[in-house]
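What follows is one structure encoded as structure tokens, with my remarks underneath.
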Amino acid sequence: MRNILYNDHVFERLMTKEDLIRFSMFYAMGTTKNCFFVTNDTNVIIGQERPTSPLWIYIKDNLFDTDRKEVVEIICEKLALNPNLNVDGEEKHLNSILNEVSNISRIPFKIAIPKNSYVCYIPIKPQMICGNLSKAIENDLETVATFSKDNWEDIGFGILTPEQAERFAKQRLANSDFHVWRNEFNRVSAMATVHKYNTVALTDGVFVDRNERNKGYAKFLMYTITKNLLDNGFIPMLYADHRKAAPNHVYKSIGYEYHGKITEYRFLTN
């Protein structure tokens with residue numbers, strides 16, 4: 001394996017256009033100062049934004065023993081820095097490798113989130129749209145803080161303190177690609193953040209007010225964001241938890257097409 005820079009063209013040489021979309025998190029990592037990328041120049045790319053963030057592993061084909069050994073060693077090194085490391089990639093390649101890592105480290109792992117990836121090329125407009133897409137303003141801080149706290153819990157990440165929730169909300173308000181949906185009564189009912197990498201735009205953090213669900217606000221929000229991205233030359237993509245039927249249904253209903261699965265694993269020290 002050798003270290004590479006983000007602007008190295010190894011990505012384009014090794015990965016198909018479809019895989020580049022599914023693994024667009026590599027683009028996200030490349031925007032950070034001290035990102036980590038290695039490759040064997042034939043069928044493996046490994047990347048990480050920082051030691052506390054997930055390790056992403058792309059494997060094109062079955063690995064030779066020497067390559068497999070290096071991948072195992074790299075994961076073990078990252079696991080030594082973060083015993084609760086998350087690892088993302090394709091289950092067919094990663095499962096046996098992570099079993100080997102677990103046997104060496106004596107740290108068990110589990111599937112944290114089985115993620116469906118989606119891409120939209122032709123959006124489908126909902127029959128009726130109530131409200132409008134908007135930028136959040138300072139007066140929305142309390143609402144966005146509440147949404148951040150509830151979203152954190154819904155994902156299963158635990159409980160945010162009021163101070164943490166407010167800090168997340170301030171970060172969102174400062175982001176020009178953070179959007180909210182104001183319903184027909186001009187109340188903030190949903191939120192989402194767009195991350196633009198190269199020609200791909202990843203939308204995440206999609207959340208609807210717990211008291212305003214099943215009214216179509218997530219659909220209206222995501223359709224409008226998606227159409228705007230396409231109009232500006234981006235390829236919209238996102239991930240959805242395979243186990244949750246509602247968001248998968250929403251994305252499909254506005255034109256998102258299933259693009260393959262990415263599995264997120266988590267090592268567990270307690």
Side-chain angles (χ1 to χ4, degrees), residues 6 10-12 14-32 35 37 45-49 53-60 86-94 112-126 133 151 155 172 175-181 190-208 217-264:
Y6 164 68
V10 169
F11 294 97
E12 286 75 13
L14 292 191
M15 304 174 74
T16 65
K17 179 181 177 181
E18 290 73 21
D19 284 342
L20 278 169
I21 294 173
R22 277 196 306 142
F23 283 81
S24 62
M25 283 304 298
F26 283 149
Y27 290 126
M29 295 169 201
T31 62
T32 60
C35 55
F37 286 113
I45 299 173
I46 300 175
Q48 188 178 39
E49 185 176 355
S53 65
L55 186 70
W56 279 71
I57 301 178
Y58 169 77
I59 299 174
K60 186 175 183 179
N86 285 13
V87 182
D88 287 70
E90 292 183 288
E91 185 174 2
K92 65 180 180 180
H93 293 304
L94 282 186
I113 307 176
K115 298 183 282 192
N116 292 334
S117 63
Y118 289 99
V119 178
C120 184
Y121 296 106
I122 303 175
I124 300 172
K125 185 177 181 180
L133 188 69
N151 187 38
I155 296 171
R172 287 187 162 110
N175 185 346
S176 61
D177 283 317
F178 173 68
H179 304 280
V180 297
W181 187 262
M191 68 177 186
T193 303
V194 177
H195 309 273
K196 297 170 181 173
Y197 313 118
N198 202 341
T199 60
V200 177
L202 166 66
T203 302
D204 68 4
V206 181
F207 178 82
V208 178
Y217 295 136
K219 185 183 297 186
F220 306 153
L221 169 75
M222 286 305 301
Y223 166 77
T224 309
I225 288 175
T226 300
K227 186 177 184 304
N228 289 346
L229 289 172
L230 286 166
D231 289 345
N232 285 283
F234 289 96
I235 301 172
M237 70 87 56
L238 51 83
Y239 301 107
D241 191 327
H242 175 77
R243 301 164 297 186
K244 298 181 179 179
N248 285 273
H249 173 74
V250 166
Y251 301 139
K252 290 177 182 178
S253 73
I254 57 173
Y256 277 85
E257 303 173 10
Y258 176 72
H259 209 67
K261 186 178 290 184
I262 296 289
T263 301
E264 180 165 294

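Along the sequence shown, residues carry numbers from 1.
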By side chain to side chain donor-acceptor pair (under 3.5 Å), His259 pairs with (sequence neighbours left out) none
Between Ala190 and Val208 the two heavy atoms that sit nearest each other are CB-CG2, 4.0 Å
query = Under 4.5 Å between any side-chain heavy atoms of Leu20 and Val200, yes or no?
reply = no
Sequence neighbours excluded, the answer for ring-ring contact (aromatic ring centres under 6.0 Å, His included) partners of Tyr27 is none
Hey, can you tell me if Phe23 and Phe26 have their rings parallel, tilted or perpendicular (30° and 60° cut-offs)?
parallel
Between the OG1 atom in Thr199 and the CG atom in Leu229, the distance rounded to the nearest 0.5 Å is 11.5 Å
Hits for side chain to side chain donor-acceptor pair (under 3.5 Å) against Thr226, two or more places apart or cross-chain, chain-then-number order -> Tyr256
Shortest non-hydrogen pair, Tyr121 vs Ile21, comes out as OH-CD1, 3.7 Å
Is there side-chain contact between Lys252 and Tyr118, with at least one heavy-atom pair below 4.5 Å?
yes
The side-chain contact (heavy atoms from CB on, under 4.5 Å) partners of Lys244 (sequence neighbours excluded) come to Asp241, Pro247
Interatomic distance, NZ@Lys219 vs NZ@Lys125, rounded to 0.5 Å, equals 13.5 Å
Here the gap from Glu257 atom CD to Ser117 atom OG, rounded to the nearest 0.5 Å, amounts to 11.5 Å
Applying side chain to side chain contact (heavy atoms under 4.5 Å, CB included) to Ile57 and His93, what does each step give before you reach the verdict?
CA-CA 9 Å; Ile57 301 178; His93 293 304; over 6 Å; no
Note: Ser176 and His179 closest approach over all heavy atoms is O-CE1, 4.5 Å
Distance col, row Lys261:NZ vs Glu90:CD, nearest 0.5 angstrom, shows 11.5 Å
Taken in chain and number order and not counting sequence neighbours, the residues that satisfy side chain to side chain donor-acceptor pair (under 3.5 Å) with Asn116 are His242, Asn248
Extract all donor-acceptor atom pairs below 3.5 Å that involve side chains of residues 231-240 and protein atoms in other chains or at least two apart in sequence.
residue: Asp231; atom: OD2; partner: Lys227; partner atom: NZ; Å: 3.0
residue: Asn232; atom: ND2; partner: Asn228; partner atom: O; Å: 2.7
residue: Tyr239; atom: OH; partner: Arg22; partner atom: O; Å: 2.4

Do Leu94 and Thr263 have side chains that approach each other closer than 4.5 Å (heavy atoms only, starting at C-beta)? no
What one should report as the nearest heavy-atom pair of Phe37 and Gly47 is CD2-CA, 3.7 Å
Closest non-hydrogen contact found for Ile254 with Met222 is CD1-CB, 3.5 Å
So the salt bridge (charged side-chain N to carboxylate O under 4.0 Å, His left out) pairs with at least one residue in residues 193-203 (sequence neighbours excluded) are Asp177-Lys196
Residues at least two apart in sequence or cross-chain that pass side-chain contact (heavy atoms from CB on, under 4.5 Å) with Pro54, listed by chain then number, are Trp56, Asn86, Asp88, Glu264
Heavy-atom nearest pair, Gly255 first then Cys120, reads O-SG, 3.6 Å
Ile124 meets the side-chain contact (heavy atoms from CB on, under 4.5 Å) criterion, sequence neighbours left out, with none
Thr16 meets the side-chain contact (heavy atoms from CB on, under 4.5 Å) criterion, sequence neighbours left out, with Glu18, Asp19
Sorted by chain and residue number, the side chain to side chain donor-acceptor pair (under 3.5 Å) partners of Asn175 (sequence neighbours excluded) come out as none
Test side chain to side chain contact (heavy atoms under 4.5 Å, CB included) applied to Ile225 and Thr203, step by step: CA-CA 9 Å; Ile225 288 175; Thr203 302; 4.0 Å; yes
task = Please lay out, stage by stage, how Met191 and Val180 fare under the test side chain to side chain contact (heavy atoms under 4.5 Å, CB included).
result = CA-CA 4 Å; Met191 68 177 186; Val180 297; 4.2 Å; yes
CD (Gln48) and SG (Cys35) are apart, to the nearest 0.5 Å, by 10.5 Å
